[in-house]
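As structure tokens, the structure follows; a few thoughts come after it.
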Amino acid sequence: MGANSSSISELPENEYLQKLSGSEPISENDPFWNQLLSFSFTTPTNSADLKLLEEATISVCKSLVEKNPRTGNLGSLIKVFLSRTKELKISAECQNHLFIWQAHNALFIICCLLKVFISQMSEEELQLHFTYEEKAGPSSYGTECEDLIEELLCCLIQLIVEIPLLDITYSISLEAVTTLIVFLSCQLFHKEILRESIIHRYLMHGRCLPYTSRLVKTLLYNFIRQERSPPPGAHVFQQQTDGGGLLYGIASGVATGLWTVFTLGGVGSKSSAQLEQCSPLASQSLLLLLVLANLTDAPDIPNPYRQAIMSFKNTQDNTAFSSSNPHAFQINFNSLYTALCEQQKSDQATLLLYMLLHQNSNMRTYVLARTDIENLVLPILEILYHVEERNSHHVYMALIILLILTEDDGFNRSIHEVILKNITWYAERVLTEISLGSLLILVVIRTIQYNMTRTRDKYLHTNCLAALANMSAQFRSLHQYAAQRIISLFSLLSKKHNKVLEQATQSLRGSLGSNDSPLPDYAQDLNVIEEVIRMMLEIINSCLTNSLHHNPNLVYALLYKRDLFEQFRTHPSFQDIMQNIDLVISFFSSRLEQAGAELSVERVLEIIKQGAVALPKDRLRKFPELKFKYVEEEQPEEFFIPYVWSLVYNSAVALYWNPRDIQLFTMDSG
């Protein structure tokens, strides 16, 4: 085997790594680099091997951290990489495998070293490691060294946006995206949100800035295309005969080996079936895009990556761009919409959809105009339906997306016109035929009921009810089951209200003779439940006053459970809103009584339909239209930045961080 390493465990003894991290400076032109960059060992395919690789790299890093001030070998390695990337485009066009292979290997080592450096030291210390060589070199050399971080960052961005995506360039493109994520990973090791950062400054100013829109566009297209990594052997490189090398298996196998590891933060390894459908470059590109879009604004300019996401247009939009936005670009909205519809199972794709709907008015308008909106809404409903299996952030994002969509009256009308057949994932009841609008109501009500019994999250309640309220005036031809569930939810709330009222009364009686024990805060519980009941009554009232004649099933359900509403008729909090509901119940009840006893369901519905025409609408009291608009809370970065980095931590391709080092968020157990 000679100088080669056939397993990860042998890496710390590898003579090339020892020389790299040793006491002797290595010049950029030394033949050593050709030897170092000819990798040869078995590719890691599981988390245990990846941790071994990390541990092996740490021992090399410790030595490099100690010796680099005198040797400047990190800078030399980076310069070797930079010099080789200058020919990458031509190499891709000429199918020069060897050149691309060695450039990839150089970047892979840089990425491994950087990841450990960044987790172990401050940005200021890291910057010193990039500028140490300046002390030994001539004074004219200082400026170049000073900007080595910027040069590397700029080179990585150029590589992503300029190198064509081919089988032979896939791995280096993936590695460039990964290295940018690693550069930004300093956030993981701080509890507080980083608002001032050296890396942020480089990415938002100077040489990187002109590439902003091209980088965002390329990352979006990587997500859209979902290119799978080349199959093993598609671009295997011949091993060099001049002394073998260090890590050969990673060079050709990184795309088919390292990236399969998915075992961080309690997430188990992917199955082979999942891997077949997975695109590591698309996944990693989306994570980088989310990280860049959520960087905090610089003191002098807003985040240019967010600006680019906010302002891009459809390739079919011929209107001129505003001269005030240098980051605007065009992208194929149809392709983006299709990818978003197909990828909603992942938190990342849902978060991207949220950002686009919330921040890019062009994309929002386009989505709302689609005639196949069910392709987008159904995956979102499925996320909410499987609320038990999703993390709370994913559920929030899905819910907020629905809230944003329901702000549009056109959406609220059109969803009742889309008829769906056999919704297989809806298990409570066989739904052979139902409108998208009725299904949406069913899923949102189920989410409220789940929340009432499990998480009791007021924020979740508020958003669910706001979405229903936005839709209520446009309810059309509600499915009988959807109508029943609306009234069943009210029944559940009514029982809860009575229970809390009873507890408060008993508690009050029990404490009359004792001044020592403080009363439980039943008043607050009562206040919350009454707010929710009020909202449900407003939703029912909104439907009755705006579209009663379109919804005989809701009137039927209301009459069937009319006793539920008795106790709220005289309640001071609900008296006003109960007037219309009471009037509707009285009007239809009297018509049913006139029709005689023991009526069939069909006959009752027929009487309701006839009565809906005869009901004097002017007797129904007008209330302000129910409309809720989603507004981000102040300092949204306090929520989004830890969320995005938890996604990176849990699902980044071929990246492992020691959970003990993470400061930004707490680790989920298991």
Side-chain angles (χ1 to χ4, degrees), residues 165 170 174 177 216-229 255 259-260 262 267 270-290 293 309 312 314-316 331-358 360 362-387 389-391 393-395 397-402 404-405 411 414-415 418 420-426 436 439-440 443 644 647 650-653:
L165 188 58
Y170 192 100
L174 175 59
V177 172
V216 169
K217 185 175 183 175
T218 305
L219 295 174
L220 277 171
Y221 268 126
N222 286 348
F223 166 70
I224 287 168
R225 288 187 297 199
Q226 293 289 318
E227 290 280 352
R228 297 183 190 181
S229 56
W259 62 267
T260 64
F262 202 77
V267 179
K270 288 184 178 179
S271 68
S272 56
Q274 284 175 301
L275 290 176
E276 282 171 16
Q277 296 167 12
C278 183
S279 168
L281 182 61
S283 171
Q284 206 86 323
S285 294
L286 178 52
L287 288 171
L288 176 58
L289 183 64
L290 294 174
I309 282 173
F312 69 79
N314 195 351
T315 44
Q316 295 173 340
I331 202 163
N332 186 314
F333 276 16
N334 183 51
S335 303
L336 180 54
Y337 179 81
T338 303
L340 287 166
C341 293
E342 289 171 353
Q343 299 298 321
Q344 285 307 306
K345 281 189 171 62
S346 82
D347 280 68
Q348 298 91 286
T350 306
L351 183 51
L352 176 64
L353 175 59
Y354 158 76
M355 278 168 42
L356 294 177
L357 288 175
H358 178 54
N360 189 313
N362 304 317
M363 189 68 192
R364 184 168 62 252
T365 302
Y366 176 85
V367 167
L368 289 166
R370 290 288 299 209
T371 54
D372 61 348
I373 193 72
E374 68 273 16
N375 291 342
L376 189 70
V377 175
L378 280 170
I380 297 296
L381 294 182
E382 212 172 333
I383 293 166
L384 291 175
Y385 185 80
H386 296 295
V387 59
E389 299 159 27
R390 303 287 175 188
N391 72 63
H393 289 359
H394 198 184
V395 172
M397 289 299 105
L399 202 48
I400 291 165
I401 286 164
L402 285 186
I404 292 169
L405 293 173
F411 171 83
S414 66
I415 55 174
V418 177
L420 306 166
K421 308 271 189 186
N422 299 318
I423 306 301
T424 52
W425 48 261
Y426 193 93
L436 180 59
L439 182 65
L440 197 158
V443 173
V644 167
L647 297 179
N650 279 304
S651 49
V653 173

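None of the values given here were measured: they were computed from a predicted structure.
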task: Fit a plane to each ring of Tyr426 and Tyr385, take the angle between them on a 0 to 90° scale, and name the class: parallel (under 30°), tilted (30 to 60°) or perpendicular (over 60°).
output: tilted
- prompt: Are Asn362 and Asn314 side-chain neighbours, meaning at least one heavy-atom pair lies under 4.5 Å?
  reply: no
query: With distance as the sole test, does Tyr221 use its side chain to make a donor-acceptor pair with the main-chain N or O of Ile331 at under 3.5 Å?
result: no
message: Testing the basics here: between Ala282 and Gln226, what is the closest heavy-atom pair and its distance to 0.1 Å?
response: CB-NE2, 3.4 Å
query: Side-chain contact, heavy-atom cut-off 4.5 Å: Leu378 with Leu436?
result: yes
- prompt: Could you state the interatomic distance from CD1 (Ile380) to CG (Leu353), rounded to the nearest 0.5 Å?
  reply: 5.5 Å
field: Partner of Ser285 by side-chain contact (heavy atoms from CB on, under 4.5 Å), out of Leu290, Leu220, Leu174, Val177
entry: Val177
query: Checking side-chain contact (heavy atoms from CB on, under 4.5 Å) against Phe223, which of Leu286, Leu287, Leu281, Leu289 comes through?
result: Leu286
- request: Say whether, by atom type as modelled, one donor and one acceptor occur between the side chain of Asn360 and the main chain of Phe312 under 3.5 angstrom.
  value: yes
- request: Return yes if some donor-acceptor pair links the side-chain N/O of Asp372 with the main-chain N/O of Asn375 below 3.5 Å, else return no.
  value: no
field: Validation row: Leu352, Met397 side chains within 4.5 angstrom (heavy atoms)
entry: no
CA sep, side-chain torsions, deciding dist, call: Leu402, Leu384, side chain to side chain contact (heavy atoms under 4.5 Å, CB included): CA-CA 10 Å; Leu402 285 186; Leu384 291 175; 3.5 Å; yes
message: If you compare all heavy atoms of Trp425 against all heavy atoms of His386, which two are closest, and at what distance to 0.1 Å?
response: CB-NE2, 4.2 Å
- request: Identify the residue among Leu405, Leu356, Ile404 that makes a side-chain contact (heavy atoms from CB on, under 4.5 Å) with Arg364.
  value: Ile404
Nearest-0.5 Å distance, CD of residue Glu382 to CG of residue Leu439: 10.0 Å
- prompt: Does the pair Arg370 and Leu376 meet the rule for a side chain to side chain contact (heavy atoms under 4.5 Å, CB included), with working shown?
  reply: CA-CA 10 Å; Arg370 290 288 299 209; Leu376 189 70; over 6 Å; no
field: Within 6.0 angstrom of Gln316 CD, more than 12 heavy atoms from elsewhere
entry: no
- prompt: Side chains of Gln344 and Thr350: is there a donor and an acceptor less than 3.5 Å apart?
  reply: yes
task: Could you tell me the separation between the CE atom of Met355 and the CD1 atom of Ile309, rounded to the nearest 0.5 Å?
output: 4.0 Å
message: Quick one: does any side-chain atom of Gln284 pair with a main-chain N or O of Val653 as donor and acceptor, under 3.5 Å?
response: yes
query: To the nearest 0.5 Å, how far apart are OG1 in Thr365 and CG in Leu357?
result: 10.0 Å
field: Under 3.5 Å: donor-acceptor pair, side chain of Ser283, backbone of Ser279
entry: no
- prompt: Do you know the tightest heavy-atom contact between Arg390 and Lys345?
  reply: NH1-O, 3.2 Å
Leu336 and Tyr366, any side-chain heavy atoms less than 4.5 Å apart: no
- request: To the nearest 0.5 angstrom, please state how far the CG atom of Leu647 sits from the NE2 atom of His394.
  value: 9.0 Å
field: Reported CZ-to-CD1 distance for the pair Phe333 and Ile224, which is rounded to 0.5 angstrom
entry: 10.0 Å
task: Indicate yes or no: at least one non-hydrogen side-chain atom of Asn650 is less than 4.5 angstrom from one of Asp347.
output: no
